Amino acid sequence: MTVPGRYSYGPYHDGPDPLAPPLDLREALDQIGREVMEGSSPRTALQELLRRGTRNMSGLEELTRRLWQRRAEITRRNRLDGTLQEVRRLLDEAVEAERGALFPDPSDDARFAEAQLDALPSSTAAAVNELSEYRWKSETGRENYRKIRDLLGQELMESRFQGMKQALQGTTPEDVERIREMLSDLNDLLATHARGEDTERQFADFMTKHGEFFPENPRNTDELIDALAARAAAAQRMLNSMSEEQRAELSELIGQAFGDPRIAGQVAALDANLRALRPGEDWESSQRFRGQDPLGLGEGAQALQDLAELDALAEQLAQSYPGARLEDIDLDALARQLGEDASVDAKRLAELERELRRQGLFERTSDGSLRLTPKALRRLGEVALRDIVGRLRSRRGERDTARAGAAGEPTGGSRQWQFGDTEPWDVSRTVRNAVLRSASTGRREVRIDVSDVEIMETEQRSRAAVALCVDTSWSMVQDGRWLPMKRTSLALHQLISTRFRSDALELITFGRHAGTVDIGELTALEAVWEQGTNLHHALLLAARHLRRHPDAVPVVLVVTDGEPTAHLEPGGDTWFNWPPDQRTLAVTMAQVDALAKLGASVTVFMLGEDPRLQAFVDLVARRSGGRVVAPDLDGLGTAVVSDYLRGRRRA
């Protein structure tokens, strides 16, 4: 009963934690985008994200590491002779106490009893069996021998029924009879099931009669068999992991369980039934235990069961089998082995993967592979452009650069303000939005919120035709310039598609050959080992693009780290030579001159410090009226965007 005004606090179990931080899809997408731009496929990039995790979430690799660490702790910390050691200790105490009780007794019976004790075999099991009919004189000896039988019974039952040892503390003869009867009824149930007969009624009667022995509350015979077989197989693997002498000792001792050999016989029959019903369980393997902490039969069976569970979890986390999904991970087992935090991380990883797919950040192509959707590419472009805008704004003396292109003729329309917009506010519509929003919430006071702001749409008085030519030769990959090149292209594409929609952007890649690509193709472009820097072909494609837009301001931007080593022959074949052939340089410069006639100056962003490259790009700049920029890799995007805006301002 809940008392009014009183509150209770505890773990939240009813679905997802409502106070848990939301999944950060932005960070996830940024990581995936980086992997894709470095040459990974979207599928591989997604798998890499799940493997590494995020700042606030352990990945599959970390969870797997913790699993193997837990596994190593079990095998390196323990050994499996705990029951044998405890029986030996109790036996030695019993014999010593018995000798102390017999010593003052002058009778022949006492001397005969001492002779029996002196003649006990060195084997623990043989000694225990030898004393099964011995009439103890000392109370300690009698009690210890009873403890040995109870211990063997408790350990035997615990090795087959988890949690049984605690329930059997202080076992009475009536308890032993109930256990024997339960085992007999259980074997009858399994035998009926093995014959293929319906056991629904028999199972219900069995659980009504013996349900106290099964706290896991199985719902049918198959669930009961599954639970028992997993435990029995673990007990068998524990025996397999012992030395031959230890197994022999235990096998002989088990007959003394609870002082009733019928118990051991019923357990042996149970093992045979379970092995026949579940042959797929691991009954044959073994483990090497190298520690110092002794484990009893029940603890040893639990250790082997934990090891099997850890191996299964490692396979689930590896996700290497056909049709693998993160939903396959057994969260309850993970929580048992590594704690609730590991289970929460695995669950959130599955939610992250599901949410990335649900929000349309991936799409499947005709060949079944994954690729980033336009929505995802826009997100990556926004991030790249935001970084560049931040760098531009931080430049001293260039504060107006971030506002370049904002001015223009008002169109009479307006739109909601978005981050990065610098157009003037539409004050009347902004105030109107604030009034309507405040009225809808019943507030008298009017305050302008960011969501109320509308800006005037403007129409640019000029447009530009932009050709961005990016070097995709192997040296760009080898020297770490691949990712900055792609991020630069993304940022420029995002800027033009959102701020200067009337501009026409052409993305041109050039290695041994040149070609036009869309932003998705460029983002997913994989590095290919090929020799050749065919700037001549790239400039031909740039000129074709400029001719298609004769009314636009021509802007040609070239990002390269090497001088031209290839060109197109009149027949369309590619000529390659290293060091650069004079014909290659001549036809490339002829194409620079052709661009100059179209009014286009060529800006070259030189990556590297090769003197020959420096001499070549200086010549390009002089012949085209352009310039040379030598940015570091971090500043490449800023330099390209800044030069694009500079070129537009020429109008």
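The model shown is predicted, which means the values in this text are computed figures rather than measured ones.
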J.: Can a donor-acceptor pair be found, under 3.5 Å and without considering hydrogens, that links the side chain of Glu155 to the backbone of Leu297?
T.: yes

J.: Any donor-acceptor pair under 3.5 Å linking the side chain of Glu62 with the backbone of Ser58?
T.: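 Such a contact is absent between Glu62 side chain and Ser58 backbone.
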
J.: I want to check something: taking the side chain as every heavy atom from C-beta on, are Phe258 and Pro173 in contact at a cut-off of under 4.5 Å?
T.: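 No, too far: nothing below the 4.5 Å cut-off.
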
J.: Could you tell me the separation between the CD atom of Gln85 and the CG atom of Leu90, rounded to the nearest 0.5 Å?
T.: 12.0 Å

J.: Please report the shortest heavy-atom distance between Gly259 and Pro261, naming the atom on each side.
T.: O-CD, 3.9 Å

J.: Do you know which two heavy atoms are closest between Arg160 and Ala232, and how far apart they sit?
T.: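 Minimum heavy-atom separation between Arg160 and Ala232: CD-CA, 4.2 Å.
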
J.: List the steps and the verdict of side chain to side chain contact (heavy atoms under 4.5 Å, CB included) for Thr124 and Leu84.
T.: CA-CA 8 Å; Thr124 302; Leu84 291 174; 5.6 Å; no

J.: Roughly how far, to the nearest 0.5 Å, is CG of Leu349 from OG1 of Thr54?
T.: 7.5 Å

J.: Counting N and O atoms only, with roles assigned by atom type, does the side chain of Glu61 sit under 3.5 Å from a partner on the main chain of Arg51, one being a donor and the other an acceptor?
T.: no

J.: Is Arg99 paired with Glu96 through a side-chain N to carboxylate O contact shorter than 4.0 Å?
T.: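 Here Glu96 does not pair with Arg99 in a salt bridge, since their nearest N and O are not under 4.0 Å apart.
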
J.: Distance check, rounded to the nearest 0.5 Å: Ile254 atom CD1 versus Leu152 atom CG?
T.: 5.5 Å

J.: Is the closest basic N to carboxylate O distance between Glu284 and Arg275 below 4.0 Å?
T.: yes

J.: Has the side chain of Glu98 got a donor or acceptor atom that lies under 3.5 Å from a matching backbone atom of Ser138?
T.: yes

J.: Working to the nearest 0.5 angstrom, can you tell me the gap between Leu80 CG and Leu304 CG?
T.: 6.5 Å

J.: Looking at Asp282, is its backbone amide N or carbonyl O close enough to the side chain of Arg237 to form a donor-acceptor pair, meaning the two atoms are under 3.5 Å apart?
T.: yes

J.: If only atom types and distance count, is the side chain of Asn220 paired as donor or acceptor with the main-chain N or O of Phe203 below 3.5 Å?
T.: no

J.: Can a salt bridge be assigned to the pair Arg146 and Asp150 using a cut-off of 4.0 Å between side-chain N and carboxylate O?
T.: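 The answer is yes: the pair qualifies as a salt bridge.
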
J.: Is the shortest distance from a Lys or Arg side-chain nitrogen in Asp105 or Lys137 to a carboxylate oxygen in the other one below 4.0 Å?
T.: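 Salt bridge flag = yes for Lys137 with Asp105.
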
J.: Please round to the nearest 0.5 Å and tell me the distance separating atom CD of Glu86 and atom CG of Asp81.
T.: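 Answer rounded to 0.5 Å: 11.5 Å.
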
J.: Does Asn78 use its side chain to pair, donor to acceptor, with the backbone of Gly291 at less than 3.5 Å?
T.: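 A pair under 3.5 Å: no.
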
J.: Just by distance, do the side chain of Arg79 and the backbone of Gln292 share a donor-acceptor pair under 3.5 Å?
T.: yes

J.: What heavy-atom pair brings Leu522 and Lys486 nearest, and what distance separates the two atoms?
T.: O-CE, 3.1 Å

J.: Quickly, which of Asn273, Leu277, Leu224 forms a side chain to side chain contact (heavy atoms under 4.5 Å, CB included) with His193? Name it, please.
T.: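 Exactly one pass, corresponding to Leu277.
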
J.: Taking atom types as modelled, is there a side-chain donor on Asp330 or Gln316 under 3.5 Å from an acceptor on the other?
T.: no

J.: Looking at every non-hydrogen atom in both residues, tell me the closest pair between Thr83 and Gly296 and how far apart they are.
T.: OG1-CA, 3.2 Å

J.: Salt bridge or not between Glu174 and Arg178? Use side-chain N to carboxylate O under 4.0 Å.
T.: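 So Glu174 does not pair with Arg178 through a salt bridge.
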
J.: Considering non-hydrogen atoms only, spot the tightest contact between Trp68 and Ala314 and give its length.
T.: CZ2-CB, 3.8 Å

J.: Does the pair Glu309 and Arg71 meet the rule for a salt bridge (charged side-chain N to carboxylate O under 4.0 Å, His left out), with working shown?
T.: CA-CA 10 Å; Glu309 192 167 69; Arg71 196 184 197 286; over 6 Å; no

J.: Between Arg111 and Glu114, is there a side-chain N and carboxylate O pair less than 4.0 Å apart?
T.: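 Looking at Arg111 and Glu114, the cut-off is met.
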
J.: May I ask you to decide if Ala248's main-chain N or O and Ser251's side chain share a donor-acceptor pair within less than 3.5 Å?
T.: no

J.: Any salt bridge between Asp332 and Arg336, counting N to O under 4.0 Å?
T.: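 No salt bridge links Asp332 with Arg336.
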
J.: Under 4.0 Å between a side-chain nitrogen and a carboxylate oxygen: does that hold for Arg325 and Glu353?
T.: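 Between Glu353 and Arg325 there is no salt bridge, as every charged N stays at least 4.0 Å from the carboxylate O atoms.
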
J.: Would you say the side chains of Gln305 and Arg231 form a donor-acceptor pair under 3.5 Å?
T.: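 Per modelled atom types, Gln305 and Arg231 side chains form a pair under 3.5 Å.
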
J.: Quick one: do Glu327 and Arg354 satisfy side chain to side chain contact (heavy atoms under 4.5 Å, CB included)? Show the steps, please.
T.: CA-CA 10 Å; Glu327 286 81 0; Arg354 188 165 54 248; 2.8 Å; yes

J.: Decide side chain to side chain contact (heavy atoms under 4.5 Å, CB included) for Gln202 and Glu197; before the verdict, give the C-alpha distance in whole Å, the side-chain angles of both, and the deciding distance to 0.1 Å.
T.: CA-CA 10 Å; Gln202 189 177 357; Glu197 300 178 18; over 6 Å; no

J.: Would one find more than 12 heavy atoms of other residues, nucleotides or ligands at under 6.0 Å from atom CD of Glu216?
T.: yes

J.: Could you grab the distance from atom CG of Leu186 to atom CZ of Phe214, nearest 0.5 Å is fine?
T.: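 Reported to 0.5 Å precision, the distance equals 5.0 Å.
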
J.: Using only atom types and a distance under 3.5 Å, with no angle test, would you say the side chain of Trp136 pairs donor to acceptor with the backbone of Glu143?
T.: no

J.: Below 4.0 angstrom, N of the basic side chain to O of the carboxylate: do Asp341 and Arg66 qualify?
T.: yes

J.: Please walk me through it: do Asn129 and Glu252 pass side chain to side chain donor-acceptor pair (under 3.5 Å)?
T.: CA-CA 8 Å; Asn129 287 333; Glu252 195 173 350; 3.2 Å; yes

J.: Can you see which heavy atom on Ala113 is nearest to which on Leu102, and at what distance?
T.: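 In terms of heavy atoms, the two residues are closest at CB-CD1, 3.6 Å.
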
J.: Going through the distances and angles, do Ile148 and Asn144 end up as a side chain to side chain contact (heavy atoms under 4.5 Å, CB included)?
T.: CA-CA 6 Å; Ile148 289 174; Asn144 272 26; 5.5 Å; no

